[in-house]
Each structure stands twice: as C-alpha cells, then as structure tokens.
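In what follows, a single structure is set out as structure tokens and then discussed.
All ligand and atom numbering here is 1-based and tracks the order in the structure.
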Amino acid sequence: MTSPKYHSFDKSEKLKNVSYDIRGGVSAEAERMELDGHSILKLNTGNPAVFGFEAPDVIMRDMIASLPTSQGYSTSKGIISARRAIVTRYELEDFPAFDVDDIYLGNGVSELISMTTQALLNEGDEILIPMPDYPLWTAATTLAGGTAVHYLCDEENEWNPSIEDIKAKVSEKTKAIVVINPNNPTGAVYSCEVLQQIVDVAREHNLLILADEIYDRILYDGAKHISIASLAPDLLTFTFNGLSKAYRVAGYRAGWMVITGPRERARGLIDGLDLLAGTRLCPNVPAQHAIQVALGGHQSIYELTGAEGRLLKQRNVAYEKLNSIPGVSVTKAMGAMYCFPRLDPEVYEIHDDAQLMMDILKSQKILLVQGTGFNWPAPDHFRVVTLPWASQLSNAIERLGNFLASYRQ
Ligand code: PLP
C-alpha cells in the first residue's frame, strides 16, 4: 500500500509579518522555565490582578449576580444598561454628544481594535501608529491588509509625538491616526497643545482618529487627561476604553468603543462594524454587567494613583532605581503603568535586544519586553511594567542593574 501524501501546515501568509512580542519567544521560554519549577517575575504584560490589585468588590458582586441571566447571547453591540452607563460617564466630561447606538462593547479593547482595522482597511491603506506603540495596533493593521506607518514619539521631548514626523508621514493612502494617551509603553500624557496639533493634521487630511484611552484614569502628580475627541467634535473619532486597567479586571474582557463626530460620513464603515459585531455574536455577557457598576460612584483607582497610592509609589521606585543604573535613563511616567528605559549605546553594545531579554530572564528570572517589540527601530530600549509592590520592584531593578554591569563596555 502506498503511504498517503501528507502535507505540512504552515501559518497563513497573512500572519507572516504579524508579531506580538509581549507574548512572544521570550515569554514562551519563561513559561517553559515555570514548568521546570522556576519562579519568574513576569513584567511582560500590564496584568494588574496578578500583582495583588483586586477588583472592587461591587464589580465582582454585580457580575456574579448577573450569571443566571447571562446565559444567552446579548445583542451584538452589547447590553443597553452598560452602553447607557458609558454615555453617562462621558456626559460628565467635555465630550462630543453621542448615544447608545454609537457604542460597541467588546471582549476587551483588543477585539475592538481588530474589528476596526478589519472594517476600515483595504490592501495598502495606511494607518499612522506611534513608535514605540502598543504592538497590537501594528499587528491588527498588518493582519487587516493595511500598512502601519510609524510616527516618532520623541524621548527628548518627554515622549511627545513629533508633529513634524506625523506631517512628513501622511500620504494619499493614510486613512487614520492612532493616538495612545496615556501612553503604553512610555507613560506620557499629552497636553492640550499636542493633541490640538494632531487634530489639526487629522482635519487637514481627513483622517479618522483612533484614540486608545484605556489608561485615562491612571494619572500621576496631578496630570490631566484630555480626550482627543473633545478637541475634534467635527472629526470622526473612535475612542477606546475598558475595564482591564483602571478597574483591574483584565481577565473579564470588557471594553468599549465610542464613535463621535460626523457619523453620516462613515455609513459604510459603520455597516462594516455592525457586520463584524454580528459575526462575533456578542461580547462576554457577564462582564458587560460589570460596566455599569464600575463606571458609577466611587472610583477606587484614584486612591492607587494618589499621594499615598501604591501605583504612584511603584512609579517612583521604577523611575529612581532605573535612573541610578549606569548607562540607563528613563523619562518619568505621568500615567499608565509602564516606563520605557533607554540603554545608552555608548555604554551597552546591544545588537539583539530580544537576546538581551532572554539573558535577563535566564539569569535573573525577570521577564521584560525588548523595545523592538514595540516597533522601536533600535535595540536600545526595553519596557518595565510598574505593577509589582515597591519592594519587589526595587529588588528586581537592583538585580537588573547588577546583571547589566556584565554588559557594560
Ligand atoms: N490598548 C492599550 C494601549 C493597552 O496597553 C492594552 C493592554 O495592555 C490594550 C489596549 C488591550 O486592552 P484590553 O484588555 O481591553 O483588551
């Protein structure tokens, strides 16, 4: 009998240029080491719960109470009570008017980013994405057949977007600009002037604004977050947010996207979004029931970011300790839960930053993500998640400093 011809299975061509190093090869090695019994300090994802950030009780209680009535699919855009709570939340801010129909709930912001890029992009269409970025934006754009064009966020200018670079990179094919504010991975919070300049470019070139504001309530030292939609009521803007960070329930997978501006100029795109929302049936229903209670009343995140707050203390420790390592410098994060230190190339000759992360993992049992994983063009940065308790973070950075001594020239 002749043996049947087996062919091997490769990933699709579509995935060939898609990467997501936050959960890439170094993180896979960390998981393997854990199976071998090693204890790894995982600073690769912004996952608050694993560092003892408990969700507010009321959120959990409402979600549990909703379980018996959450067995069926919901409407594809999400339950009305949650969408109404989102309208009310933004009504209290200086935000352009919108209604429940302008909101899509999702299994986290992640799903809504994928839906948006799939609905928006044709082959070769371009999206302006910050550099460094939160790499899902680049991955989702590439997967959707679009081209990610990265604009510089300037470390010399507190990681603010370079308006010159944005202007230089707009082309006939540019459809949208992504603004991540407060920023992952840099921790920058943009001023009104900077946001206004981005809006001016978007207005001039008729760009859709994609505003990822998932860290909008994680702010330090009195920093103020301004939603870019509030400066652009005349421009089509999608604002993304959710419960993963400020409400510490990343695992529940609850996020939303709000459309503001001239919807009549986006009928086709909105049809596409409705189609994709329908084909994913609906977001996780119990988690949708957590949204209303999360958004109303006491906002416990402000205790964590305020003067005596855990998140603030950890931000301070990361800033001070990292800057005390010879050849390492870091800008103070004004928001979010990350910082993006620089390794001075005169002091550290790094050619492969993923290999450096692998060496740190193996030697110090600390999992970090290389700067190139955030589409940073040179192997001279890495990201630190500032979620561990201050003492643990301080100890980890000290160990990192000792390890880096062996790399110094
Ligand atoms: N956007 C940014 C900037 C993020 O940092 C993250 C998660 O780290 C997400 C979106 C994804 O969030 P979600 O848990 O809502 O999918």
Side-chain angles (χ1 to χ4, degrees), residues 20-24 27 42-51 53 55 59 78 82 86 103-117 127-141 143 148 150 153 159 161 176-190 209-219 225 227-228 238-258 280 283-284 287-288 290-291 294-295 301 311 333-340 367-369 371 373-376 383-387:
Y20 190 71
D21 287 339
I22 291 175
R23 291 178 187 260
S27 141
K42 287 178 149 172
L43 300 186
N44 63 321
T45 56
N47 194 4
V50 300
F51 294 101
F53 288 95
I59 294 186
I86 291 165
I103 303 174
Y104 295 80
L105 303 188
N107 292 302
V109 166
S110 307
E111 185 185 43
L112 297 162
I113 291 175
S114 296
M115 278 167 54
T116 299
T117 49
I127 300 199
L128 288 165
I129 296 178
M131 172 180 79
D133 69 346
Y134 173 60
L136 177 61
W137 279 105
T138 297
T141 297
L143 187 55
H150 293 107
C153 292
W159 287 117
I177 180 163
V178 175
V179 180
I180 304 173
N181 178 39
N183 190 269
N184 176 10
T186 66
V189 178
Y190 304 151
I209 298 175
L210 301 172
D212 184 339
E213 300 187 345
I214 193 159
Y215 300 102
D216 68 340
R217 291 188 167 172
I218 303 185
L219 301 163
H225 176 260
S227 283
I228 194 167
F238 292 3
T239 300
F240 299 80
N241 210 327
L243 300 190
S244 290
K245 311 295 178 175
Y247 303 93
R248 287 95 74 197
V249 288
Y252 290 2
R253 313 308 297 127
W256 59 87
M257 178 176 87
V258 173
R280 57 93 203 240
N284 174 13
Q288 295 184 51
I291 292 176
L295 297 190
I301 186 65
L311 278 172
M334 299 308 286
M337 43 180 72
Y338 314 96
C339 57
F340 199 58
L367 174 60
L368 297 161
V369 183
F374 300 89
N375 292 295
W376 186 249
R383 185 185 74 168
V384 174
V385 169
T386 59
L387 284 173

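Each of the atoms 3 (C) of ligand 1 lies under 4.0 Å from some heavy atom of Ile180. Listed by number with element, the atoms of ligand 1 under 4.0 angstrom from any heavy atom of Arg253 are 13 (P), 14 (O), 16 (O). Atoms of ligand 1 lying under 4.0 Å from any heavy atom of Lys245, numbered from 1 in the order shown and given with element: 7 (C), 8 (O).
At least one heavy atom of Ser244 sits under 4.0 Å from some atom of ligand 1. Using a 4.0 Å cutoff on heavy atoms, Gly108 counts as a contact of ligand 1.
Across all their heavy atoms, Cys153 and Tyr190 have their closest contact at SG-OH, 4.0 Å. Between Lys245 and Gly46, the closest heavy-atom pair is NZ-O, 2.8 Å. The minimum heavy-atom distance linking Val189 with Pro182 is given by the pair CG2-CB, 3.9 Å. When every heavy atom of Ala148 is checked against every heavy atom of Thr141, the shortest pair comes out as N-CG2, 3.8 Å. Shown here for Tyr338 and Thr386, the closest heavy-atom pair between the two residues is N-OG1, 3.8 Å.
In summary, of the residues considered (Trp137, Tyr215, Tyr104), a ring pair (Phe, Tyr, Trp, His ring centres under 6.0 Å) with Phe240 occurs for Trp137 alone.
Put simply, the side chain of Asn183 gets close to the backbone of Thr186: a donor and an acceptor are under 3.5 Å apart.
Protein heavy atom nearest atom 12 (O) of ligand 1, with residue, atom name and distance: Ile214 CD1, 3.4 Å. Of the protein's non-hydrogen atoms, Asp212 OD2, 3.3 Å is the one closest to atom 2 (C) of ligand 1. Distance from atom 15 (O) of ligand 1 to its nearest protein heavy atom, with residue and atom name: Val109 N, 2.6 Å. Ranking the protein heavy atoms by distance from atom 9 (C) of ligand 1 puts Tyr134 CE2, 3.6 Å first. The protein heavy-atom contact nearest to atom 11 (C) of ligand 1 is Ser110 OG, 3.4 Å.
Here atom 5 (O) of ligand 1 lies nearest to Tyr215 when heavy atoms of Tyr215, Trp137, Tyr252 are compared.
Atom CZ of Arg280 has more than 12 neighbouring heavy atoms from other residues, nucleotides or ligands inside a 6.0 Å radius.
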